Student: 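Take this structure first; my questions come after.
Order of listing sets the numbers, starting from 1, for every ligand and every atom in it. As the structure is a computational prediction, the values presented were derived from the model and not from experiment.
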Amino acid sequence: MKAYLLYEAGGTDKLILGEAERPTLKSGEVLIKVKAIGINPADTIYRNSPTFITHIFGEERPVIMGWDIAGEIVEKAEHTDGFEIGDAVFALLQNARGYAAFVAVNVGLLAHKPKHITFEEAAASPMAGLTAWQPLVHGMNIKKGDRILIHGAAGGVGHYAVQIAKYLGAEVIATSSAKNHDFVVALGADQHIDYQTENFWEVIKDVDFVLDTVGGETLERSIEITKPGGTIISIVALTQENLMPKAKEKNVHLSLRALQFNGADLRAFADLLSTGALKSYIARTYPFASMAEAHQQVETRRTAGKIVLKM
Ligand SMILES: NC(=O)c1ccc[n+]([C@@H]2O[C@H](COP(=O)([O-])OP(=O)(O)OC[C@H]3O[C@@H](n4cnc5c(N)ncnc54)[C@H](OP(=O)(O)O)[C@@H]3O)[C@@H](O)[C@H]2O)c1
């Protein structure tokens with residue numbers, strides 16, 4: 001089968017389109033014919049890092065990266081009840097290997113693709129969607145009318161976070177650059193702050209919650225504008241540990257949250273994609289042959305919404 005093979009970590013030239021063996025199934029797995037692949041900053045960070053590649057794949061080389069996929073089930077092993085050949089599904093792949101024509105996935109990680117959304121819209125969502133979902137739904141007890149500040153609201157994670165927070169009834173304050181003002185407001189943000197021309201800590205105060213996707217000074221300043229008793233969850237591990245005393249002094253709950261591979265969360269997220277409460281916004285779709293270009297776009301860290309590849 002066609003697959004992108006990574007013989008060693010490095011630049012986008014290390015993503016080699018070649019041939020790999022089609023996976024064989026273990027109990028509990030289905031074989032998915034991949035129709036679309038989502039690309040995240042994590043894909044580019046792992047591609048570039050020998051340490052991270054070894055952490056996931058051990059000594060195996062070449063490896064097949066790829067975490068976000070959508071496609072159609074073409075084979076199933078035993079203990080795969082609830083999923084049938086021909087079903088359209090999407091997944092966050094715990095063991096990667098999604099940059100390929102076929103991938104084997106344990107059904108515990110799968111969700112059915114909502115009928116009215118495309119394979120591209122489904123593939124865009126697992127990693128960024130759950131990275132937004134888990135802090136907001138499990139880490140914050142958001143009640144109707146609570147005020148939440150979402151940093152990086154135009155990005156992959158942020159654009160889902162704005163929609164989830166609105167779904168939960170929050171008042172949303174969102175940061176992005178001016179070029180993404182209209183995009184972020186269309187997602188449902190009640191207030192927009194252009195982080196390039198305004199200091200958010202001079203414009204707002206006393207928010208109940210902050211979702212930090214930026215880190216550094218953005219995270220540090222967020223403590224100042226959070227109510228005592230409020231919660232900040234960061235998904236980027238920059239200066240977080242140093243900031244604990246400052247957060248504690250203000251009685252602000254500050255934590256770092258890493259993405260959990262959780263099929264139940266993906267199925268709950270899929271339910272909201274299917275009602276239309278959540279939507280994936282795709283900045284650009286690339287053909288499978290253009291993996292390097294897709295990585296380069298994600299590496300700009302200025303993408304609004306998501307980047308996907310179509311098989
Ligand atoms: N903890 C975890 O498990 C986990 C999981 C997923 C992602 N992450 C991390 O979370 C971060 C965000 O991921 P992502 O997928 O959303 O990335 P992304 O899609 O590349 O986000 C890009 C967005 O960030 C915005 N941005 C850049 N600098 C900003 C700033 N100083 N203030 C506000 N917005 C800013 C840009 O908006 P403008 O163009 O308008 O500036 C752009 O739309 C990445 O560092 C990623 O590695 C962590």
Student: If the cut-off is 4.0 Å to any non-hydrogen atom of N180, which atoms of ligand 1 fall inside it?
Tutor: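 In order of numbering, the contacting atoms are 37 (O), 38 (P), 39 (O), 40 (O).
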
Student: What do you reckon, are the aromatic ring centroids of Y4 and F288 less than 6.0 Å apart?
Tutor: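 When the ring centroids of Y4 and F288 are compared, they turn out to be within the sub-6.0 Å range.
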
Student: At a non-hydrogen distance cut-off of under 4.0 Å, which region of T131 contacts ligand 1 (side chain, backbone, both, or neither)?
Tutor: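 T131 to ligand 1: side-chain contact only, backbone stays beyond 4.0 Å.
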
Student: Could you tell me, atom by atom, which parts of ligand 1 come under 4.0 Å of a heavy atom of T303?
Tutor: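 Near T303, the atoms of ligand 1 are 22 (C), 23 (C), 42 (C), 43 (O).
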
Student: Looking at every heavy atom in both G188 and K166, which two are closest together, and how far apart are they?
Tutor: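 Minimum heavy-atom contact is O-CD, 3.2 Å.
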
Student: Using the ring of each side chain (for Trp, its six-membered ring), is F83 parallel, tilted or perpendicular to H112, with breaks at 30° and 60°?
Tutor: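 Parallel: the ring planes of F83 and H112 meet at under 30°.
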
Student: For T175 and ligand 1, answer yes if some heavy atom of the residue is under 4.0 Å from a ligand atom, otherwise no.
Tutor: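 Flag set, T175 near ligand 1.
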
Student: Closest heavy-atom contact between L25 and A77?
Tutor: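 Shortest heavy-atom contact: CD1-N, 3.8 Å.
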
Student: What residue among K26, K33, R22 forms salt bridge (charged side-chain N to carboxylate O under 4.0 Å, His left out) with E75?
Tutor: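 Exactly one option meets the salt bridge (charged side-chain N to carboxylate O under 4.0 Å, His left out) with E75, and it is R22.
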
Student: Under 4.0 Å from ligand 1, counting heavy atoms only, is it the side chain of V214, its backbone, both or neither?
Tutor: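 It is the side chain that gets close, since no backbone atom is under 4.0 Å.
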
Student: Looking only at N/O atoms, are G156 and ligand 1 under 3.5 Å apart anywhere?
Tutor: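 N/O-N/O distance under 3.5 Å: yes.
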
Student: What part of R257, side chain from CB on, backbone N/CA/C/O, both or neither, has a heavy atom under 4.0 Å from ligand 1?
Tutor: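 Backbone only; the side chain of R257 stays clear of ligand 1.
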
